Each structure stands twice: as structure tokens, then as C-alpha cells.
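Worth saying up front: this structure is predicted, and the values here are computed from it rather than measured. Values below: every heavy atom of this structure, side chains too, minus hydrogens, waters and symmetry copies.
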Amino acid sequence: MASCPPSLFDLTPALAVRPGLWERFEQWFVAARGNRVICFVLCIWLLNAFDLAFTLLSYQSGMLYEQNPLARRLLQLGPLSVMLYKVGLVLIGTYPLLKYRRWRISEMAAIIVLFIYTMLAIRWAHCYHFYSMAFPCRSDMTVSMDETWYYMP
């Protein structure tokens with residue numbers, strides 16, 4: 001019995017290059033709903049940190065009047081209390097998303113929360129843009145954060 005030489009298609013897997021980091025991440029992301037929910041929750045945490053930083057910075061500069069009475073009281077107590085409050089709320093809010101990350105409702109909820117936080121980040125960007133236009137002499141507060149940025153009188 002004669003053997004046939006291998007065709008070009010048989011050699012393709014041996015010649016294939018290992019996928020790069022981005023391709024592996026893309027395969028991991030698309031593979032399962034739970035993986036996507038984890039990524040969405042990480043983005044929610046990142047945007048929450050952005051919101052917290054700008055809340056503290058704008059309150060310290062006198063640009064913000066907090067409408068939430070509990071958060072207003074916590075801002076008066078100091079930045080650590082606000083940080084614990086925000087981290088606690090987001091931790092409580094994202095725990096069910098992570099626990100039930102394989103459910104479709106969890107993925108949809110994570111997308112909705114991520115969308116809301118994205119709109120909030122855009123709102124902060126517009127707020128600082130208009131603030132720098134209205135008060136050009138105070139525009140340096142958005143550029144530099146010295147060692148006293150956390151001090152709240």
C-alpha cells in the first residue's frame with residue numbers, strides 16, 4: 001500500500017503561529033457569558049474609581065454641591081469615609097452580577113450599569129470643560145494634584 005504525501009492543508013496546523021495576547025483575550029471574552037460579565041464588572045469598578053476621584057477633587061475645589069444627603073455628610077467627614085461608602089456600595093452592587101455571571105439577566109444588568117457609569121464619566125468631562133471655560137484662572141486645579149488634594153476644610 002502506497003502512502004500519499006501530506007497535502008498543504010495537513011501541514012497548516014503545524015505551521016500555525018501561536019495567537020497573540022489580544023487574540024487570546026478576544027477568544028476568552030467571546031467564549032462565555034461569565035467572562036464578559038467579569039470584564040464588564042472590572043470596567044464598572046474602573047469608572048467608579050474615576051467618579052470617586054472627580055467627586056473628591058471637585059468637592060475640595062468648591063465646584064460640587066452634593067445632592068445626596070448621606071454622601072454630603074460623608075464628604076464633610078473626610079475623603080476616607082466617602083471612599084469606604086462608594087467602595088461598599090459598588091461591592092454590594094456587583095456581587096450579584098459576579099455570583100450569577102452565567103445568567104443572561106446578569107450580563108444585561110452589567111451592560112446597563114456600565115452604560116450609566118459611562119454617561120456619568122462623560123458628564124464629568126463636560127463639567128470640567130465648562131468649569132475651565134467659566135473660570136480660566138482656576139483651570140490649574142484639573143492639571144495638578146499636590147499633596148494637599150485630599151484636605152477638605
Side-chain angles (χ1 to χ4, degrees), residues 12-13 16-153:
T12 305
V17 293
R18 186 173 173 202
L21 182 63
W22 180 254
E23 287 84 12
R24 285 185 288 173
F25 173 75
E26 186 178 13
Q27 291 169 356
W28 177 83
F29 185 80
V30 175
R33 176 177 291 124
N35 297 344
R36 290 189 298 270
V37 171
I38 289 171
C39 289
F40 294 149
V41 167
L42 289 174
C43 290
I44 289 168
W45 275 91
L46 181 69
L47 288 173
N48 182 53
F50 175 82
D51 177 48
L52 175 64
F54 277 99
T55 299
L56 292 175
L57 186 63
S58 61
Y59 181 77
Q60 186 268 336
S61 70
M63 187 173 107
L64 171 75
Y65 176 76
E66 182 64 53
Q67 295 291 326
N68 180 352
L70 179 60
R72 186 179 329 129
R73 177 70 181 130
L74 291 172
L75 279 169
Q76 292 169 354
L77 292 175
L80 183 61
S81 60
V82 176
M83 287 182 207
L84 291 175
Y85 170 71
K86 290 277 290 179
V87 167
L89 282 180
V90 175
L91 185 65
I92 291 169
T94 55
Y95 173 73
L97 296 176
L98 291 174
K99 183 175 181 185
Y100 302 107
R101 65 182 173 266
R102 290 182 179 88
W103 295 16
R104 182 178 303 173
I105 190 75
S106 180
E107 184 179 21
M108 290 189 300
I111 290 171
I112 291 169
V113 172
L114 185 60
F115 176 76
I116 291 169
Y117 265 111
T118 303
M119 292 296 105
L120 182 62
I122 292 170
R123 178 79 173 170
W124 271 118
H126 284 264
C127 179
Y128 270 89
H129 175 71
F130 291 132
Y131 185 77
S132 66
M133 288 174 52
F135 301 102
C137 60
R138 297 202 58 198
S139 64
D140 61 335
M141 57 130 340
T142 60
V143 176
S144 66
M145 288 182 12
D146 58 2
E147 62 275 356
T148 61
W149 74 272
Y150 54 87
Y151 175 72
M152 294 186 195

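Note that CG of Leu98 is 8.0 Å distant from CG of Leu42, once rounded to the nearest 0.5 Å. The CG atom of Asn48 lies 9.0 Å from the CG atom of Leu120; values are rounded to the nearest 0.5 Å. Interatomic distance, CE of Met119 versus CG of Leu114, reported as 9.5 Å (0.5 Å rounding). Here the straight-line distance linking atom CG of Leu74 with atom CG of Leu80 works out to 10.5 Å at 0.5 Å rounding. Distance OG1/Thr118 to CD1/Ile111: 11.5 Å, rounded to 0.5 Å.
Within a 6.0 Å sphere centred on OH of Tyr100, heavy atoms belonging to other residues, nucleotides or ligands number 12 at most. The environment of Arg33 atom CZ is dense: over 12 non-hydrogen atoms of other residues, nucleotides or ligands sit within 6.0 angstrom.
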Could you go through the side chain to side chain contact (heavy atoms under 4.5 Å, CB included) check for Glu107 and Phe40 one step at a time? CA-CA 8 Å; Glu107 184 179 21; Phe40 294 149; 4.1 Å; yes
List the steps, then state whether side chain to side chain contact (heavy atoms under 4.5 Å, CB included) holds for Trp124 with Thr55. CA-CA 9 Å; Trp124 271 118; Thr55 299; 3.5 Å; yes
Begin from the C-alpha positions of Tyr59 and Arg72 and carry the test side chain to side chain contact (heavy atoms under 4.5 Å, CB included) through to its verdict. CA-CA 10 Å; Tyr59 181 77; Arg72 186 179 329 129; 5.9 Å; no
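Here the closest non-hydrogen pair linking Leu97 and Val37 is O-CG1, 3.5 Å. Smallest separation of non-hydrogen atoms from Ser106 and Arg101: OG-CA, 3.8 Å.
Of the possible donor and acceptor atoms, one in the side chain of Ser81 sits under 3.5 Å from a partner among the backbone N and O of Gly78. The closest donor-acceptor contact from the side chain of Arg102 to the backbone of Gly34 lies at 3.5 Å or more, if one exists at all.
With Tyr85 as the fixed residue, the side-chain contact (heavy atoms from CB on, under 4.5 Å) test singles out one of Leu75, Leu70, Leu52: Leu70.
In this structure, Trp45 has no ring pair (Phe, Tyr, Trp, His ring centres under 6.0 Å) partners at least two apart in sequence or on a different chain.
Residue pairs satisfying the salt bridge (Lys or Arg N to Asp or Glu O under 4.0 Å) criterion with at least one member in residues 53-63, sequence neighbours excluded, are absent.
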